[in-house]
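Step one of this worksheet: look at the structure below.
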Amino acid sequence: MREKLISPTEDFSEWYIQVIQRAELADYAPVRGCMVIRPYGYALWENIQQSLDRRFKETGHQNAYFPLFIPYSFIQKESEHVKGFAPQLAIVTHGGGKELEEPLVVRPTSETIIGYMYSQWIRSYRDLPVLINQWCNVVRWELRTRPFLRTMEFLWQEGHTAHATFEEAEEETLKILYIYRDFAQNEAAIPVILGKKSESEKFAGALHTYTMEAMMGNKWALQAATSHNLGQNFAKAFEIRYLDRNNQLQYCWTTSWGLSTRFIGAIVMVHGDEKGLKLPPKLAPIQVIIVPIWKSDEEKEKVLAKIGELKSKLQAFRVKVDDREEYTPGWKFNEWELRGVPLRIEIGPRDVEADQVVLARRDTGEKWTVSTDDLGSKVEEALAKIQANLFQMAKKFLDENTYRLNDYQEFKRIIESDGGFVIAPWCESPQCEEAIKEETKATIRCIPFEQDGQPDRCVYCGKETTLKALFARAF
RNA sequence: CGGGGCGUAGCGCAGCCUGGUUAGCGCGCAGCGUUCGGGACGCUGAGGUCGGAGGUUCAAAUCCUCUCGCCCCGACCA
């Protein structure tokens, strides 16, 4: 018998690592800070990709691919960008046995090389907007890593667009943020808070950064995606210019936005429980696991024949039959619960006789018997309920652990005891932000779009303000 | 890069302090049999240069020196 999973309430970090390994989402690689994404984890990523990719294409974006290597000089062209990324760069200095004349950076993100290409491609206002996305890997020399949440190499999509005006760029930046939210809430069943990053937390080189923040099971925040309005910073650094209708040379306004394999970590930490992973049906690599039950060979034959018959009714779903001989049904139940499969179908000799099956929900544990008539629509209904319930549970958790206050002692008490999100008035001074971070380890996750506009006093310094910021400890 | 911990079979560990047969245990793995509606059991078996290098010794997993790697916690970050 395998040792039981550690409880998330006992040690959330340890639980997270155990779930990822045991559910076979990923494994540690022989290189420090790197991981192998295993087939089950990669299938989840592919479903994430599909569902995002569809949304990008529906809004006019096209996929392309830019090189992994970037000339070192490119990174240095935008001063804030180089400051932000220099400490995290992997740099290739040798190739083919010789020292390179100019070192090559392994991309940490592609604003620079894409900016360069855009400067070659864009000449006229008629060329705009350029709406390109790429799916790729990037490398950042992280000192402290954790599977999916922070690895030295990770997979993501990065969108890069160029526009004629600030307004268009801003519209694009927000449009993408709303796409991310739609994806997070409707596909991953993760409720999110949208907002703007503070100056200290924004992307290196951006005019401003919008973010999508989610609450994990330990009440810490995770930045689940970001969308940046880069203003004309990169356009000026890379000479991305166009002639407008009046034959005037203008700098473009660019944006960039990304969502990474970190999102898989969010799915694990938002929905998971003491039994392991809980995957939202819309993204689950296996939506329905069928566990046959038999004693004799004769029963086995009957049960498997019946399953063959039923499978035709379930063609609309991602279904797997676990007909392994070497494990008992009870073992399989636990195994597939650990791996987060939303719905289980149990079928044994009794069920074959009665033309019925037992359905079991991963989210609630509920088990019930249904006749095999119209099984497809019953499964569909169950999956829809699970999808909705996962979102509602997560939303309830988020709401119950979000506090609105303006008293700093209360603020500290919440952050340091149970944890949670705190929405508190903030005077916009970096000094208050920094002091709060020093004293509580809570950072400004964002300035939420949703603001009540009521006059109040900064939770730290007491200065009058109407602005409220979202504070939390974060991964 | 600072602090802590750990490297012994695929995984988890014991043995080390106090050197001494053939290096053990649990899980997993293989074969056979009995099981199978919530993590089954019996029997048999395979699997180890004890992270690496040097040293001390008649003798090193064990003592000494150096080294490599990994994990956790901090600072930095998607």
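To find a chain, count down the sequence lines: A is the first, B the second, and so on, and within it residues start at 1. All figures in this text were calculated on a predicted structure; none of them were measured in a lab.
- Nucleotide B/rG37 holds its C1' atom 6 Å from the CZ atom of A/F333, rounded to whole Å.
- Counting only residues at least two apart or in different chains, salt bridge (charged side-chain N to carboxylate O under 4.0 Å, His left out) contacts with residues 206-216 of chain A comprise A/K197-A/E213, A/E213-A/R445.
- At a threshold of 4.0 angstrom between heavy atoms, the contacts of A/E325 with the nucleic acid are absent.
- Mapping A/N334 and A/T261 onto RNA chain B via the closest heavy atom, the residue that lands nearer the 5' end is A/N334.
- One finds the OG1 atom of A/T173 at 6.0 Å from the NE2 atom of A/H208 (value rounded to the nearest 0.5 Å).
- Checking B/rG39, B/rG38, B/rA78 against the side-chain heavy atoms of A/T328 singles out B/rG39 as nearest.
- If you check distances only, the side chain of A/K367 never reaches the base of B/rG37 with a donor-acceptor pair under 3.5 Å.
- Rounded to an integer number of Å, the gap from A/F475 CZ to B/rC76 C1' is 17 Å.
- B/rA60 and B/rU8 have their C1' atoms separated by 14 Å, given to the nearest Å.
- Interatomic distance, A/Y42 OH to A/N47 CG, rounded to the nearest 0.5 Å: 11.5 Å.
- Only the P atoms considered, B/rG74 is 43 Å distant from B/rA23, to the nearest whole Å.
- Note on residues 287-307 of chain A: pairs passing salt bridge (charged side-chain N to carboxylate O under 4.0 Å, His left out), not counting sequence neighbours, are A/K300-A/E325, A/K302-A/E353, A/K306-A/E309, A/K306-A/D355.
- Distance check on atom C1': B/rG12 versus B/rG7 gives 13 Å, rounded to whole Å.
- In this structure, the CD atom of A/E24 is 13 Å from the C1' atom of B/rC11, given to the nearest Å.
- Note on residues 68-81 of chain A: pairs passing salt bridge (charged side-chain N to carboxylate O under 4.0 Å, His left out), not counting sequence neighbours, are A/E80-A/K83.
- Here the side chain of A/R140 is nearest to one of B/rA78, B/rA40, B/rG37, namely B/rA78.
- Whole-Å rounding puts the A/E111 CD to B/rA78 P distance at 12 Å.
- Residue A/E346 has its side chain nearest to B/rG37 when only B/rG39, B/rG37, B/rC76 are considered.
- For A/F333 and A/W331, the ring centers sit 6.0 Å or farther from each other.
- Between A/W257 and A/F56, the two ring planes are tilted [angle within 30° to 60°].
- Using atom C1' as the reference point in both B/rC41 and B/rG48, the two lie 29 Å apart (nearest Å).
- Computed from coordinates, the A/D323 CG to B/rC36 C1' distance equals 14 Å when rounded to whole Å.
- Within 4.0 Å (heavy atoms only), A/R344 reaches at least one base atom of the nucleic acid.
- Taking atom P in both B/rA9 and B/rA14, the straight-line distance is 12 Å, to the nearest Å.
- Of the candidate nucleotides B/rC76, B/rG37, B/rG38, B/rG37 has the atom lying nearest to any side-chain atom of A/D351.
- Looking only at distances, no side-chain donor or acceptor of A/Q157 sits under 3.5 Å from a matching main-chain atom of A/S260.
- Under the ring pair (Phe, Tyr, Trp, His ring centres under 6.0 Å) criterion, A/W15 pairs with A/F12, sequence neighbours left out.
- Straight-line distance from the CG atom of A/L338 to the P atom of B/rG38: 19 Å, rounded to whole Å.
- At the heavy-atom level, A/Q88 lies under 4.0 Å from the strands shown only through sugar-phosphate atoms.
- For B/rC68 and B/rG54, the C1' atoms lie 14 Å apart once the distance is rounded to whole Å.
- Across the C1' atoms, B/rG52 and B/rC70 are found 15 Å apart, a figure rounded to whole Å.
- Taken residue by residue, residues 286-305 of chain A places heavy atoms nearer than 4.0 Å to RNA chain B at A/I293, A/W294, A/K295.
- Taking atom C1' on both nucleotides, B/rG39 is separated from B/rC66 by 47 Å, rounded to a whole Å.
- Atom CG of A/L52 and atom C1' of B/rA78 are 15 Å apart (whole Å).
- Atom CZ of A/R262 is separated from atom C1' of B/rA78 by 4 Å (rounded to the nearest Å).
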Every protein N/O within reach of nucleotides 69-74 of chain B N/O, cut-off under 3.5 Å:
unit_1	atom_1	unit_2	atom_2	d
B/rC70	OP1	A/R32	N	3.1
B/rC73	OP2	A/R144	NH1	2.7
B/rC73	OP2	A/R144	NH2	2.6

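- Within the 4.5 Å cutoff, side-chain heavy atoms of A/N401 are placed close to those of A/K219.
- Aromatic ring orientation, A/W220 versus A/F475: tilted (interplanar angle from 30° to 60°).
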